[in-house]
Amino acid sequence: MRITQGTFSFLPDLTDDQIRAQINYALNQGWAISLEYTDDPHPRNTYWEMWGLPMFDVRDAAGVMYELYACRKMHPNEYIRVNAFDATRGFETVRLSFLVNRPKEEPEFRLVRSEGPGRSIRYSLQTVFPGERGLS
Amino acid sequence: MIAALDNIERKDVDLEGLFSESHVGEVIEQLDRELVGLAPVKQRVREIAAFLLVSRARAQLGIESEMPSMHMCFTGNPGTGKTTVAARMADILQRLGCIRKNTLVTVTRDDLVGQYIGHTAPKTREVLKRAMGGVLFIDEAYYLYRPENERDYGQESIEILLQAMENNRNDLVVILAGYKDRMDTFFRANAGIRSRIAHHIEFPDFTQDELLQIAELMVAGMHYRFDDESRKTMRRYIEHRIQQPNFANARSIRNALDRARLRQANRLFARAMNGERTSSEALTLIDAEDLLPSRVFQNATT
Amino acid sequence: MNTAVAAKQAPTRKRYDAGVLKYREMGYWQPDYQPQDTDVIALFRITPQDGVEPEEAAAAVAGESSTATWTVVWTDRLTACDKYRAKAYRVDPVPNTGPGTRTEQQYFAYIAYELDLFEEGSIANLTASIIGNVFGFKPLKALRLEDMRIPVAYVKTFQGPATGIVVERERLDKFGRPLLGATTKPKLGLSGRNYGRVVYEALRGGLDFVKDDENINSQPFMHWRDRFLFCMEAVNKASAATGEVKGHYLNVTAATMEDMYERAEFAKELGSVIIMIDLVIGYTAIQSMAKWARRNDMILHLHRAGHGTYTRQKNHGIAFRVIAKWMRLAGVDHIHAGTVVGKLEGDPNVIAGIYDTLREPVTRASLMHGVFFDQDWAGLRKVMPVASGGIHAGQMHQLLHYLGEDVVLQFGGGTIGHPHGIAQGAQANRVALEAIVQARNEGVDIWNEGPQILERAARWCSPLRAALDTWRDVTFNYTSTDTVDFVPTPTEAV
């Protein structure tokens with residue numbers, strides 16, 4: 001399946017030039033860029049691994065791309081996302097977040113239903129990695 | 001290549017238009033105006049600007065597809081204007097589309113090389129990241145290389161720099177700077193770096209007349225002035241100072257003037273304590289008295 | 001009160017003699033009054049009856065919305081009545097009204113209220129004072145509450161939005177673009193099972209939210225528990241299919257608070273991230289649900305059902321920006337606030353003022369947007385405006401231009417009415433949105449080049465192609481009735 005997290009996941013995967021343009025937009029807004037990667041894109045997996053600290057002093061997209069290439073080299077088969085953080089009062093949060101790398105074969109989610117009284121159901125999602133498919 | 005040349009449309013390019021559009025002339029004029037002497041340096045800067053302009057015109061006609069490598073090496077003694085020219089160079093390179101940001105990140109060995117295993121790569125990468133899009137100026141670059149210590153981490157930094165100079169040519173211009181002889185030694189041991197430097201610029205020492213002119217400019221910049229007497233003293237100071245160790249061209253002049261300002265303040269204050277009034281004239285004058293107590297004169301043989 | 005002002009009032013002896021006195025003589029008109037930082041200030045648009053002077057009309061509004069009654073009462077003298085009296089301190093004629101225009105003369109009256117007139121953290125009490133009696137008052141032909149300045153001291157007694165825009169986005173893990181929603185259609189008649197199908201298709205196709213309509217409660221064709229169960233099956237299945245957090249606004253509006261709490265608890269038990277209420281449940285019920293939502297990590301969506309009865313006419317009622325202000329204090333997270341381009345009322349300037357009221361840390365006065373006062377929100381969270389009603393993918397660039405990024409765009413018909421199906425309708429909207437946001441960030445002039453951007457995306461996205469072809473010429477170009485008075489080319493008041 002194609003996971004559709006991030007700001008631009010319904011578009012074809014962004015090219016490096018398109019990624020650079022988005023990063024330049026964020027830098028021009030005064031936001032700090034950071035890179036994060038994970039193999040488990042479960043929607044409640046908030047804390048992906050940080051690829052270094054947020055790049056507060058970088059002024060040009062080339063600086064971020066330099067790190068992105070290094071990150072892709074280390075984690076070619078994982079999800080990588082670019083986050084842009086805005087420290088302005090009233091926001092102090094992520095303002096833009098998009099995927100810049102996907103594994104060749106993406107995991108899926110199994111929906112687990114536990115039935116309760118009165119037809120109620122408790123739902124949970126479990127990540128199923130490519131190697132584990134058909135095991136359940 | 002020849003076939004390619006045949007395919008080029010026969011048409012003229014407007015070099016002059018490109019030149020005025022880039023406003024690079026203003027930066028060169030400013031350089032001429034603000035920097036005393038350095039005629040060969042200014043000449044080289046003009047050549048580089050012309051070279052970039054022509055490359056751009058060739059790119060417009062499709063003769064060239066890629067901007068040429070622009071890494072440089074500035075050699076010369078301390079205080080000969082290397083950092084100042086580097087800042088102007090960033091401006092020129094940006095105006096001619098060679099880099100995107102008019103920024104200069106200045107570093108030395110300490111900013112690039114770590115003290116433990118695994119410390120150096122992140123430090124160097126951090127610096128490169130900040131400099132990307134602009135100019136990275138590495139002062140006294142030869143300290144990166146310490147052949148006497150086999151386990152020195154400088155080599156690791158050099159390798160990362162080398163990679164960036166090669167792979168990120170469109171994003172980064174690196175300027176190495178330092179004493180001529182020591183840079184030469186450095187390049188002998190690091191042929192890889194040497195081969196990636198496209199432009200070498202030598203910064204000559206200033207002549208005595210130039211140094212006096214620099215002193216005048218600095219004094220005016222600080223809103224002070226010399227009188228005939230103190231100007232003569234300053235000239236004598238320069239004659240002596242350049243004979244002595246650790247002479248650092250313009251930087252030595254600035255230090256001398258900073259100390260003279262301190263002495264001037266002391267002198268005015270002492271007089272005021274004796275009940276003398278201080279005129280605005282007196283406040284702006286660097287007197288011969290403010291220069292004479294310098295050790296330069298005491299150590300002088302004459 | 002200074003002596004100059006006191007002199008204009010009737011002398012104490014005469015002031016409290018039994019009988020009827022003009023309001024201005026009772027101290028409700030004080031042109032020299034300097035409003036305090038802690039005063040609540042209200043701005044009314046008044047249309048006096050013939051022969052009633054504007055100052056007297058303003059004083060009457062001040063009096064009737066604070067301490068006065070129609071006659072003099074001696075019991076006033078047992079209180080610090082100078083303090084409790086509301087003060088009308090400024091009256092301006094409304095531009096483009098009066099002789100020579102088609103509208104009779106109207107006035108803007110500024111009235112200041114002492115903070116101690118109000119119970120802390122109670123919209124019911126605030127509104128009982130400000131709009132309690134005075135709108136039926138005979139000496140006025142018409143009266144409209146245009147704007148209010150709530151002092152920080154009073155703002156701080158309210159909880160504010162249970163979740164707020166920032167935390168909502170962090171919970172949903174969705175940044176950098178407007179959120180997308182749709183209202184299930186047809187509004188009425190679907191069984192729970194059929195209803196859930198619509199929800200699943202729309203969410204799987206690319207929407208973030210689907211929504212109950214305001215009048216979906218618990219009717220014979222679909223009781224509420226059925227709806228909740230089928231909708232949550234749809235939400236969770238869509239989440240598994242996409243890896244995204246999805247939601248359905250489960251409308252918990254009901255006859256009693258007990259019923260609403262019961263429904264909200266069930267929504268929580270099923271793992272919903274969001275519930276919904278209607279404005280018609282009343283301010284107290286809204287505040288109760290906001291507190292429940294804060295306690296239970298629930299986003300609270302408010303449908304402004306019924307507001308059109310009193311917000312739309314320019315001469316009488318309450319401007320929606322005031323309702324928006326009250327609702328931010330009351331603590332809702334979403335509120336329908338106009339689309340500009342859709343089928344429902346919405347002048348661009350008025351909408352800009354309302355959006356600023358909901359989303360800014362400090363809302364700045366802007367007469368062009370109908371905002372009369374600076375309003376410091378003192379750290380109260382931001383409300384996500386919802387744009388809904390007659391909008392479609394072909395307007396995406398206009399929507400982003402007018403409404404910005406922090407907004408929920410709801411395409412009901414524009415999703416469910418798609419010729420290829422609901423999921424395809426949702427996909428068309430999501431692709432259109434992401435393409436426009438991407439282009440804007442790249443520095444493209446989306447206002448002028450929007451149609452081309454959408455056309456380009458439609459080349460590789462056939463559902464978008466179909467959406468653009470289907471709704472190409474749909475626009476709703478009617479003149480708005482609620483417009484601002486201070487614009488470069490002023491609109492006529494009606």
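Order of the sequence lines fixes the chain letters, A, B, ..., with proteins taken first and strands second; residue numbering starts at 1 for each chain.
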### Task
To the nearest 0.5 angstrom, please state how far the OH atom of Y66(A) sits from the CG atom of L128(B).
4.5 Å
### Task
For residues G133(B) and A62(A), report the shortest heavy-atom separation together with the two atoms involved.
N-CB, 4.3 Å
### CZ (R89(A)) with more than 12 external heavy atoms under 6.0 Å
no
### Message
Quick check: closest heavy atoms across R130(B) and D57(A), and the distance to 0.1 Å?
### Response
CD-CB, 3.5 Å
#### Entry: Within 6.0 Å of CE in M74(A), more than 12 heavy atoms from elsewhere
no
### Query
Can you name the nearest heavy-atom pair linking V105(B) to R59(A), along with the distance?
CG2-NH2, 3.1 Å
### Query
Just how far is it from atom CD of E67(A) to atom CD of E126(B), taken to the nearest 0.5 Å?
7.5 Å
### Task
Flag yes if more than 12 heavy atoms outside R122(A) fall under 6.0 Å of its CZ atom; otherwise flag no.
no
### Task
Can you measure from CE (M132(B)) to CE (M65(A)) and round to the nearest 0.5 angstrom?
11.0 Å
### Message
Let me confirm one number: the CG-NZ distance from D60(A) to K129(B), rounded to the nearest 0.5 Å.
### Response
13.5 Å
### Task
Count the heavy atoms of every other residue, nucleotide or ligand shown that sit under 6.0 Å from CZ of R2(A), and state whether that count exceeds 12.
yes
### Message
Please determine whether the number of non-hydrogen atoms from other residues, nucleotides or ligands lying under 6.0 Å from atom CD of E92(A) exceeds 12.
### Response
yes
